[in-house]
Amino acid sequence: MGRSAAAALLLVLSILHVAKALIPSAPVARRSVFHRPASYSTSSVVRLPTHLCSDASDSPPSSPSAVVSEEERRAALKAQADVEPPPKSFFQLQKQAYAAAKLAISDGERLLEVEFPPLPAAQLEADEVGAYQVTQANVRLALDFARSFSEDGKKLCILMPDEAERNIAVESLDEGYEQGADCTPMPGVTISSLRVSDPDDKRLIKPEQIFLNLFGTPSGQVNARPGTDIYVILVASAQELPDVEQLHQLDTDATIVFFNLKLDVLRGDLGAPAFPPKEFQDRFLSRVKPVYYLRTRQYSRSMATPPFLLNYQGALYRKYPGKFQTLLDTGGGSYRTVQSSDIRPGLGEFKEQLTQSLQATGVIEEEGKTLSFLRTGYKTQTWWEEERPEASMGWRT
């Protein structure tokens with residue numbers, strides 16, 4: 001009985017052993033590869049060399065030869081601007097004017113001149129194009145100029161001489177703006193006026209203003225606009241330029257851009273009755289720096305041989321901080337550089353440079369001193385181009 005029981009027990013154990021081998025074991029929970037056991041020690045971690053795992057922000061500085069100094073950068077900008085050709089389109093022109101003005105502002109300049117033809121030459125010479133069409137074009141161009149700065153976060157104010165001119169400018173936009181009030185055609189850009197009338201003065205007839213108008217003094221007063229970074233002055237006459245000077249005195253930190261005002265023409269009015277004195281050029285206008293300047297001029301010259309009358313034209317071009325380039329129009333919208341200088345040439349000097357270029361190429365025969373004197377006269381400079389002790393050289397550099 002005892003032996004049979006032991007045999008039976010051995011049989012049962014054998015069966016259980018075989019069954020365990022045949023039946024798969026239950027799955028065992030695995031630890032995550034990110035699980036750090038309690039016995040984990042940082043000493044067992046294999047670390048990569050620092051120079052292999054550091055990012056760009058931790059990279060060592062470049063070698064001294066790879067670092068461009070500020071002086072070298074400015075020299076490269078000037079060298080590029082010295083030979084940059086005039087624009088082929090208004091789109092390219094606006095880009096050049098914006099870049100030149102932006103650089104001048106970063107250099108600390110606060111009185112800037114931007115001058116270029118507001119319309120193609122064929123339209124400017126057309127009889128049906130008058131002052132109103134030119135003003136419309138200048139308003140549109142000034143808005144394009146201001147848009148580039150507003151995208152940089154600057155606040156601009158385009159100023160017409162008075163409220164009447166502002167109303168005409170706003171109306172010319174034809175975009176449903178309120179009549180008789182300032183408008184904001186785009187974020188950060190406002191169209192307003194240099195002089196603002198007193199809102200509390202409701203009189204229709206103002207006797208004192210009638211007297212002041214005889215001397216070219218408009219109504220209202222000049223006010224600065226708080227928070228404005230750049231003022232863009234449009235269609236101002238020589239009589240209204242003292243208002244710009246007053247604005248500069250009220251807001252010395254802001255930049256003032258004289259936009260297509262033809263300051264060379266306005267300077268010629270100084271000293272005349274009811275106009276600012278010539279001293280205004282020395283005191284204020286001579287400090288206005290031409291940062292973008294493109295003026296075309298046409299000339300005629302009689303000849304002793306056919307075609308007996310030669311018409312030629314050229315352009316004086318400058319993009320800050322480059323040189324002033326005297327360009328001869330060779331036709332088809334192309335120009336040839338005749339001469340360049342860091343000092344702006346006078347009107348007579350500019351014409352003489354074009355003439356000498358034509359003589360060098362044989363287009364014009366050289367003349368004797370007597371005939372040359374009779375053509376040019378004894379005085380080839382205007383009064384504001386002469387050396388004046390009280391004047392700044394800013395307008396010529």
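In this text, all values refer to a predicted model and were calculated from it rather than measured experimentally. The basis for the numbers below is simple: all heavy atoms, side chains too, and nothing from hydrogens, waters or symmetry mates. Heads up: numbering here begins at 1 and tracks the sequence.
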Worksheet item: How far does CD of Glu171 sit from CD of Gln136, to the nearest 0.5 angstrom?
Response: 9.0 Å
Worksheet item: Heavy atoms, side chains only, cut-off 4.5 Å: are Ile105 and Leu112 in contact?
Response: yes
Discussion item. For Gln325, is there any backbone N or O sitting under 3.5 Å from a side-chain donor or acceptor partner on Ser340?
Written reply: no
Discussion item. Please give me the minimum heavy-atom distance between Pro161 and Leu194, naming the atom from each residue.
Written reply: O-CB, 3.5 Å
Practice prompt. Could you tell me which non-hydrogen atom of Ala100 sits nearest to which non-hydrogen atom of Val291, and how far apart they are?
Written response: CB-O, 3.4 Å
Worksheet item: Judged by modelled atom types alone, do Ser300 and Asn311 share a side-chain donor-acceptor pair under 3.5 Å?
Response: yes
Item to complete: Given side-chain contact (heavy atoms from CB on, under 4.5 Å), test Thr296 with Tyr335 step by step and report yes or no.
Response: CA-CA 11 Å; Thr296 59; Tyr335 290 89; 4.1 Å; yes
Item to complete: Report yes or no: do Leu119 and Tyr317 belong to one cluster of Ile/Leu/Val/Met/Phe/Trp/Tyr joined by side chain heavy-atom distances under 4.5 Å?
Response: no
Discussion item. Using only atom types and a distance under 3.5 Å, with no angle test, would you say the side chain of Ser193 pairs donor to acceptor with the backbone of Val196?
Written reply: no
Worksheet item: Just how far is it from atom CG of Asp329 to atom CG of Leu327, taken to the nearest 0.5 Å?
Response: 9.5 Å
Discussion item. Is it the case that the side chain of Arg166 and the backbone of Leu159 share a donor-acceptor pair, with hydrogens and angles ignored and the cut-off at 3.5 Å?
Written reply: no
Discussion item. For Leu173 and Arg140: C-alpha separation, side-chain torsions, deciding distance, then whether side-chain contact (heavy atoms from CB on, under 4.5 Å) applies.
Written reply: CA-CA 8 Å; Leu173 297 177; Arg140 299 282 183 180; 4.0 Å; yes
Worksheet item: If you look at every heavy atom in Leu247 and Ala224, which pair is closest and at what distance?
Response: CD1-CA, 4.0 Å
Discussion item. Looking at Ser341 and Ile343, would you say the former's side chain and the latter's main chain have a donor-acceptor pair under 3.5 Å?
Written reply: yes
Fill in: Cluster check Phe90, Leu124: I/L/V/M/F/W/Y, side chain < 4.5 angstrom
no
Worksheet item: Does the side chain of Thr326 come under 3.5 Å of the side chain of Gln353 through a donor N or O and an acceptor N or O?
Response: yes
Item to complete: Could you tell me whether a side-chain N or O of Arg73 sits under 3.5 Å from a main-chain N or O of Leu77, the two making a donor and an acceptor?
Response: no
Discussion item. So, taking the atom named CD1 in Ile191 and the one named CG in Leu156, what distance separates them when rounded to the nearest 0.5 Å?
Written reply: 11.5 Å
Discussion item. According to side-chain hydrogen bond (donor to acceptor under 3.5 Å, both in side chains), who are the partners of Ser357, at least two apart in sequence or on a separate chain?
Written reply: Arg336
Item to complete: Could you tell me whether the side chain of Leu310 reaches within less than 4.5 Å of the side chain of Leu358, counting heavy atoms only?
Response: yes
Discussion item. Rounded to the nearest 0.5 Å, what separates atom OG in Ser150 from atom CD1 in Ile230?
Written reply: 9.5 Å
Worksheet item: Just how far is it from atom OG of Ser89 to atom NZ of Lys95, taken to the nearest 0.5 Å?
Response: 9.0 Å
Worksheet item: Less than 4.5 Å apart, any side-chain heavy atom of Glu128 and any of Gln133?
Response: no
Worksheet item: Any idea which heavy atoms bring Gly333 and Lys88 closest together, and the distance?
Response: O-NZ, 3.4 Å
Practice prompt. Not counting sequence neighbours, list each pair that qualifies as a side-chain hydrogen bond (donor to acceptor under 3.5 Å, both in side chains) and has a residue in residues 222-236.
Written response: Ser192-Arg225, Tyr231-Asp251
Fill in: Under 3.5 Å: donor-acceptor pair, side chain of Asn260, backbone of Leu234
no
Worksheet entry | Min side-chain heavy-atom separation Ile168-Thr135 under 4.5 Å | no
Worksheet item: Is there a chain of hydrophobic side chains (I, L, V, M, F, W, Y, each step under 4.5 Å between heavy atoms) that links Val338 to Val363?
Response: yes
Item to complete: State whether the side chain of Ser334 and the backbone N or O of Thr330 hold a donor-acceptor pair below 3.5 Å, judged by distance alone.
Response: no
Discussion item. Between Tyr293 and Arg344, is there a side-chain donor-acceptor contact under 3.5 Å, judged purely by atom types and distance?
Written reply: yes
Worksheet entry | Working for side-chain contact (heavy atoms from CB on, under 4.5 Å), residues His248 and Arg287 | CA-CA 12 Å; His248 177 60; Arg287 297 161 55 196; 3.4 Å; yes
Fill in: Arg267 to Trp383, cation-pi by 6.0 Å centre distance and 45° axis angle
no
Discussion item. Is it the case that over 12 heavy atoms from other parts of the model lie below 6.0 angstrom from the OH atom of Tyr132?
Written reply: yes
Worksheet entry | Atom pair CG/CZ of Leu263 and Arg295 - distance to nearest 0.5 Å | 9.5 Å
Practice prompt. Please report the closest heavy-atom contact between Leu143 and Pro185, naming both atoms and the distance.
Written response: CD2-CG, 3.5 Å
Fill in: Flag for Gln96-Tyr292: side-chain donor and acceptor within less than 3.5 Å
yes
Worksheet item: Are the side chains of Met160 and Val235 in touch, meaning some heavy atoms are under 4.5 Å apart?
Response: yes
Worksheet item: So does Lys278 pair up with Asp269, basic N to acidic O under 4.0 Å?
Response: no
Worksheet item: Do you know the tightest heavy-atom contact between Pro277 and Leu270?
Response: O-CB, 4.0 Å
Item to complete: Could you verify whether a donor N or O on one side chain and an acceptor N or O on the other, from Tyr320 and Asp107, lie under 3.5 Å apart?
Response: yes
Fill in: Cluster check Val134, Leu294: I/L/V/M/F/W/Y, side chain < 4.5 angstrom
no
Practice prompt. Name the orientation class of the two ring planes belonging to Tyr299 and Phe350 (parallel below 30°, tilted from 30 to 60°, perpendicular beyond 60°).
Written response: tilted
Worksheet item: So do the side chains of Gln94 and Ser148 get within less than 4.5 Å of each other, counting heavy atoms only?
Response: no
Item to complete: For the pair Glu115 (side chain) and Leu261 (backbone), establish whether a donor and an acceptor sit closer than 3.5 Å, ignoring hydrogens and angles.
Response: yes
Worksheet entry | Test of ring centre spacing under 6.0 Å for Phe145 and Phe259 | yes
Worksheet entry | Donor-acceptor contact below 3.5 Å, side chain Glu349 vs main chain Pro345 | no
Worksheet item: Do the side chain of Glu113 and the main chain of Val257 share a donor and acceptor less than 3.5 angstrom apart?
Response: no
Discussion item. Would a single hydrophobic cluster contain both Trp395 and Phe284, if residues Ile, Leu, Val, Met, Phe, Trp and Tyr are joined by side-chain heavy-atom contacts under 4.5 Å?
Written reply: yes
Practice prompt. Consider only side-chain N and O atoms of Tyr312 and Thr355, and report whether a donor and an acceptor are under 3.5 Å apart.
Written response: yes
Worksheet entry | Residue pair Glu240 / Ser237, side-chain donor-acceptor N/O under 3.5 Å | yes
